[in-house]
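What follows is one structure encoded as structure tokens, with my remarks underneath.
Proteins get letters first, then strands, A, B, ... in listed order; numbering begins at 1 in each. These figures come from a predicted structure and were not determined experimentally.
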Number of protein chains: 2
Amino acid sequence: MNQQNPKLTPRKGPKRNLFAHVVENLGKRIVTGELNPSVPFPKEADLGREFGASRSVIREAVKALAARGMIESQTKTGIRVLEAMHWNLLDAEVLNWRYSTMPQAQFYGELFEIRLMIEPQAAAFAAKRGTIQEIALIGEAFEAMTHAGMNKVSGIDADLLFHRSILAASHNPLLLQMGNLIAVGLYIAHKISSESFVVFLPKHKAVYDAIKRRDAVAAHDSMEHLLSETREFMNQHIKTIPAHA
Amino acid sequence: MNQQNPKLTPRKGPKRNLFAHVVENLGKRIVTGELNPSVPFPKEADLGREFGASRSVIREAVKALAARGMIESQTKTGIRVLEAMHWNLLDAEVLNWRYSTMPQAQFYGELFEIRLMIEPQAAAFAAKRGTIQEIALIGEAFEAMTHAGMNKVSGIDADLLFHRSILAASHNPLLLQMGNLIAVGLYIAHKISSESFVVFLPKHKAVYDAIKRRDAVAAHDSMEHLLSETREFMNQHIKTIPAHA
DNA sequence: TATTACCTTATTATCTGATAATATAACAGT
DNA sequence: ACTGTTATATTATCAGATAATAAGGTAATA
């Protein structure tokens, strides 16, 4: 009965998906530190008033954030933000919230540090353990990259698929979790420089070839090389880009 | 009004925390594959009947699982389980569900592969970037380990704190996420062999000393050594243990 | 036959207004 | 100062609505 008035929310306002809107709004406020463990968190009733949402929606949103380790809710005590060390930073949404509220270079730096720890070893595992079918999927992703040309979206998709296929071929389910991280990384990379993945096609091929011929050491090193070069390339371009949207 | 009857749930039954019980029950059924993308997921109404819970509780539980990437819910379509690649496997709860429903050795193997990728480099970063205060915390955690003696719980706590402090000193927030993974790993390790962390005290000290003297290479190598030795030790003991509880 | 437009329906999304449980705070008694 | 009791604010759960939406069926049309 509250937010329905079209004059109050004339356009662009969160019409449907109230739940998602509340989650995103609170999530972003938490990652920016506007809501933090030290300040009192709004009560369910306050949130309902603020968003013009019923208590059900608010409670569901609170549970969704709690499942990501960002808040905790207790009878009588109310809701409170947890320390950042408890957050599920590899969750796709949390990654996006952080990305959209952090200095681009810093976020990108964090991302690549992890990728450099994970992906070379994952490539080595893929070379050692990947089935023929799994390795064929890596090849298909590479083919898709070559055919994407300058098409940005399909380029990102293919690039992401390439890296995800390697994680899948490594036969460690925990590694697949890193896919989200790579996805955000690629999104940023292509935003910074759309031709980046064309430039690095040969280096992707080197990784694929190494995996295909079961050369774990070469797979490791070529992946490490690809990532280092990409990071270097981005560091040179990132300063030319103003603060992102 | 349904499950309240004390005769139906005489003891041990999920009296309070209905929400947590539903989340855990569904979560475990999903990780075991009993509920998977191919089979139709129960509707909200069915779940409410099964758990003797109101729709509110069911919906909140669904949102909590959806936030972990395990299910998706859509009007008219209903709920469906997502492919495992979308799950937040590093979430503390998901880790526990998987641990309690997987062969111990396999789970432990997955875990240590990741730890070996992450922690040596994290130790190197800690040596390079850690503040004096952060490194002091690592030292305190080590002291706590030495004083824990054979006290299992405080030993695990101190051990976990030791590794977490190193992650924190690495100054990459994404690495802190790995803390959950280490926590489960330590829990299993001490279950397999309670004296393990006494045996490895000197190797922990080596890591701490290297970080304290800002020797990144030594920090990396000593952490790698500690983890490799621990894994080896566990592999020798793990077969003597029957399937866990 | 194939395609499009419309209608029906099952299911989740949201709202409203209750009662119950519980942790903090205030208070009283020693 | 300490300990036990009571009040109160807040979340937890319940119950029963209406609204929105996507899937499937049906009919009109080319």
Side-chain angles (χ1 to χ4, degrees), chain A residues 1-6 8-9 13-26 30 35 37-82, chain B residues 1-6 8-9 13-26 30 35 37-82:
Chain A
M1 290 299 179
N2 301 342
Q3 88 295 10
Q4 263 65 336
N5 188 333
L8 295 181
T9 63
K15 295 172 287 292
R16 295 290 114 50
N17 264 7
L18 243 182
F19 164 80
H21 175 247
V22 174
V23 171
E24 183 183 336
N25 183 293
L26 293 178
I30 292 171
L35 292 171
S38 315
V39 313
F41 203 90
K43 315 298 174 195
E44 286 182 356
D46 301 332
L47 294 171
R49 234 170 289 122
E50 172 183 348
F51 291 103
S54 69
R55 245 190 99 200
S56 329
V57 169
I58 299 299
R59 284 184 56 79
E60 286 163 19
V62 165
K63 294 296 187 186
L65 290 169
R68 294 185 173 95
M70 302 183 78
I71 60 181
E72 204 177 42
S73 165
Q74 204 179 22
T75 306
K76 167 69 182 178
T77 310
I79 305 163
R80 68 164 175 279
V81 177
L82 296 183
Chain B
M1 289 297 178
N2 301 341
Q3 89 294 6
Q4 262 65 337
N5 188 333
L8 294 182
T9 61
K15 295 173 286 294
R16 294 290 113 54
N17 263 5
L18 243 183
F19 164 80
H21 175 247
V22 174
V23 171
E24 183 183 337
N25 183 292
L26 292 179
I30 291 170
L35 292 170
S38 314
V39 313
F41 203 91
K43 314 300 175 193
E44 286 182 358
D46 301 332
L47 294 171
R49 235 170 287 122
E50 173 183 347
F51 290 104
S54 69
R55 243 190 100 201
S56 326
V57 169
I58 299 299
R59 283 185 56 79
E60 286 164 20
V62 165
K63 294 296 188 187
L65 290 169
R68 295 185 172 95
M70 302 183 77
I71 60 181
E72 205 177 42
S73 164
Q74 204 179 22
T75 306
K76 167 70 183 178
T77 310
I79 305 163
R80 69 164 176 279
V81 177
L82 297 182

In Å and rounded to the nearest 0.5 Å, what is the CG to CD distance from A:Leu18 to A:Glu60?
10.5 Å

For the pair A:Asn25 (side chain) and A:Val22 (backbone), establish whether a donor and an acceptor sit closer than 3.5 Å, ignoring hydrogens and angles.
no

Between C1' on D:dT10 and CG on A:Leu47, what's the gap in Å once rounded to a whole number?
13 Å

If I take atom CD1 from residue A:Ile71 and atom CG from residue A:Leu82, how far apart are they, to the nearest 0.5 angstrom?
8.0 Å

In whole Å, what is the span from the CG atom of B:Asp46 to the C1' atom of C:dT12?
13 Å

Picking from D:dT11, C:dT14, C:dT12, which would you name as closest to the side chain of B:Ile79?
C:dT12

Within this structure, what is the CD-to-P distance between B:Glu44 and D:dG16, rounded to whole angstrom?
16 Å

Between D:dT11 atom C1' and A:Glu72 atom CD, what is the distance in whole Å?
13 Å

Atom CD of A:Gln74 and atom P of D:dT13 are separated, to the nearest Å, by 13 Å

Distance-minimising heavy-atom pair for B:Ala67 and A:Ala64:
CB-O, 3.4 Å

Mind calculating the distance between CD (B:Glu60) and P (C:dA13) to the nearest angstrom?
13 Å

Minimum-distance nucleotide (side-chain atoms of B:Lys76 versus C:dT14, D:dT13, D:dA23):
D:dA23

By nearest-heavy-atom nucleotide on DNA chain C, the more 5' of A:Thr77 and B:Gly78 is B:Gly78

Closest-nucleotide 5' rank along DNA chain D - winner of A:Ser73 and B:Thr75:
A:Ser73

Where the side chain of B:Arg59 is defined as all heavy atoms beyond and including C-beta, which of C:dT12, D:dC14, C:dC15 is the nearest nucleotide?
C:dT12

Between C1' of D:dT10 and CZ of A:Phe41, the distance in whole Å:
14 Å

Please confirm whether the shortest side-chain N or O distance from B:Arg55 to OP1 or OP2 of D:dC14 is below 4.0 Å.
no

Taking the side chain of A:Lys63 as heavy atoms from C-beta outward, which of C:dT24, D:dT10, D:dA12 is closest to it?
D:dA12

Can you tell me the distance, in whole Å, between the CZ atom of A:Arg49 and the P atom of C:dT16?
13 Å

Got a second to check how far A:Arg55's CZ is from B:Ser56's OG, nearest 0.5 Å?
9.0 Å

Does OP1 or OP2 of D:dT13 have a side-chain N or O of B:Ser54 closer than 4.0 Å?
no

